[in-house]
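In this chain, numbering begins with 1 at the start of the sequence shown.
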Amino acid sequence: MTPTRARALDAAIELLGTEGLRALTHARVDDKAGLPKGSTSNYFRTRAALLTGVVDWITESESQALGTAFSPATADEFVDTMCGLFDYITRINRVRTTARLILFLEGSHDPVIREALSRGREVMESTATAALAELGAPNPREAARAIAAASEGLILHRIARHDDVDPRPTYELLLKVALAG
């Protein structure tokens with residue numbers, strides 16, 4: 001990926017996560033990224049292409065980070081890792097997570113964005129499925145889906161409602177059930 005394209009995508013995420021979907025225009029992305037006028041549209045000819053590019057960029061960067069960070073050896077490590085990831089994406093990476101949630105809503109009526117989001121979810125679920133299988137879960141795929149769904153709910157509440165609930169009891173309960181079968 002070229003540095004200019006990466007700057008445009010990072011600026012688009014910043015705009016989505018801080019100002020919402022209406023703030024996302026090619027011109028605003030150029031301005032936010034400090035790029036010459038028309039740069040973003042050279043990479044993403046349409047708004048739909050820009051939105052899909054943002055989804056793919058978020059997925060790519062988070063998949064790389066998750067893949068190297070998510071290899072728990074015990075149930076306690078799994079819960080600790082999930083809590084750490086939850087804290088990271090809802091505090092340190094809050095703007096990016098807010099942008100992702102905005103894209104989830106956009107995907108509800110845009111099949112191209114929905115498909116890009118589904119690809120991202122599949123990557124995340126596969127990573128969790130592998131970890132749960134290593135821990136001995138009898139049905140690791142379904143357990144991963146349940147944990148992903150609960151995580152999405154916790155994330156939504158932390159971002160949208162500024163809910164400061166501790167996710168640990170939820171992850172402990174879900175993992176206990178997942179490992180019991």
request  = Using modelled atom types only, decide if a donor and an acceptor are shared between the side chain of Ser39 and the backbone of Leu35 within a distance under 3.5 Å.
outcome  = no
request  = Mind running salt bridge (Lys or Arg N to Asp or Glu O under 4.0 Å) on Asp31 and Lys37 for me, showing each step along the way?
outcome  = CA-CA 8 Å; Asp31 186 53; Lys37 185 177 180 181; over 6 Å; no
request  = Locate the shortest heavy-atom distance separating Phe86 from Val165; write the atom from each residue and the value.
outcome  = CE2-O, 4.4 Å
inquiry  = Just verifying a value: how many Å separate Arg7 CZ and Thr2 OG1, rounded to the nearest 0.5 Å?
reply    = 10.0 Å
message = Check Arg145 with Glu142, please: is the shortest side-chain N to carboxylate O separation under 4.0 Å?
response = yes
ask   = Can you name the closest pair of heavy atoms from Gly107 and Leu117 and give their distance?
value = CA-CD1, 4.3 Å
message = So Met82 and Ser151, do their side chains get closer than 4.5 Å, heavy atoms only?
response = yes
message = Testing the basics here: between Ala148 and Arg121, what is the closest heavy-atom pair and its distance to 0.1 Å?
response = CB-NH2, 3.4 Å
ask   = Can you find a side-chain donor-acceptor pair between Arg28 and Thr40 that sits under 3.5 Å?
value = no
task = Mind listing the closest non-hydrogen atom pair of Arg158 and Asp87 along with its distance?
result = NH1-OD1, 4.0 Å
query = What do the steps show when you test Asn139 against Leu132 for side chain to side chain contact (heavy atoms under 4.5 Å, CB included), and what is the final call?
reply = CA-CA 8 Å; Asn139 194 344; Leu132 289 161; over 6 Å; no
ask   = Taking atom CG of Leu174 and atom CD1 of Ile147, what is their separation to the nearest 0.5 Å?
value = 5.5 Å
query = Please walk me through it: do Arg119 and Thr59 pass side chain to side chain contact (heavy atoms under 4.5 Å, CB included)?
reply = CA-CA 8 Å; Arg119 287 190 306 269; Thr59 299; 5.8 Å; no
Heavy-atom donor-acceptor pair, Thr52 side chain to Ala49 backbone, under 3.5 Å = no
key: Test item: Ser126 and Arg141 side chains (from C-beta on) under 4.5 Å apart, heavy atoms   = yes
ask   = Yes or no on side chain to side chain contact (heavy atoms under 4.5 Å, CB included) for Lys176 and Glu172, after CA distance, side-chain angles and deciding distance?
value = CA-CA 6 Å; Lys176 180 178 179 181; Glu172 288 173 342; over 6 Å; no
ask   = Under the criterion side chain to side chain contact (heavy atoms under 4.5 Å, CB included), which of Leu105, Val55, Val54 is the partner of Ile113?
value = Val55
inquiry  = Strictly distance-based, threshold 3.5 Å: is any side-chain N or O of Ser108 a donor or acceptor partner for the main-chain N or O of Phe104?
reply    = no
inquiry  = Is any side-chain heavy atom of Phe44 closer than 4.5 Å to one of Arg5?
reply    = yes
task = Calculate, to the nearest 0.5 Å, the distance between atoms OH and CG belonging to Tyr88 and Asn93 respectively.
result = 4.0 Å
inquiry  = Donor-acceptor check, side chain of Arg96 to backbone of Gly17, threshold 3.5 angstrom: yes or no?
reply    = no
ask   = For the residue pair Ala178 and Pro138, what are the closest heavy atoms and their distance?
value = O-CD, 3.2 Å
query = Any side-chain donor paired with an acceptor under 3.5 Å for Glu77 and Thr81?
reply = no
query = Any side-chain heavy-atom pair from Asp164 and Arg91 closer than 4.5 angstrom?
reply = yes
message = Apply side chain to side chain contact (heavy atoms under 4.5 Å, CB included) to residues Arg168 and Asp80 and explain how you reach the verdict.
response = CA-CA 8 Å; Arg168 183 169 298 279; Asp80 288 345; 2.8 Å; yes
query = Under 4.5 Å between side-chain heavy atoms, hopping through other hydrophobics if needed: is there a path connecting Leu103 to Val95?
reply = no
inquiry  = Measuring from atom OH of Tyr43 to atom CG of Leu50, what distance do you get when rounded to the nearest 0.5 angstrom?
reply    = 13.5 Å
ask   = Closest heavy-atom contact between Ala133 and Pro140?
value = N-CB, 3.7 Å
message = Using a 3.5 Å distance criterion without hydrogens, assess whether the side chain of Arg161 forms a donor-acceptor pair with backbone atoms of His157.
response = no
key: Distance (rounded to the nearest 0.5 Å) between Asp56 CG and Leu9 CG   = 9.0 Å
key: Any donor-acceptor pair under 3.5 Å from Arg94 side chain to Ile159 backbone   = yes
inquiry  = Is there a side-chain contact between Leu21 and Arg47 in this structure, where contact means two heavy atoms from C-beta onward sitting under 4.5 Å apart?
reply    = yes
message = Return the CZ to CG distance between Arg22 and Leu15, rounded to the nearest 0.5 Å.
response = 15.0 Å
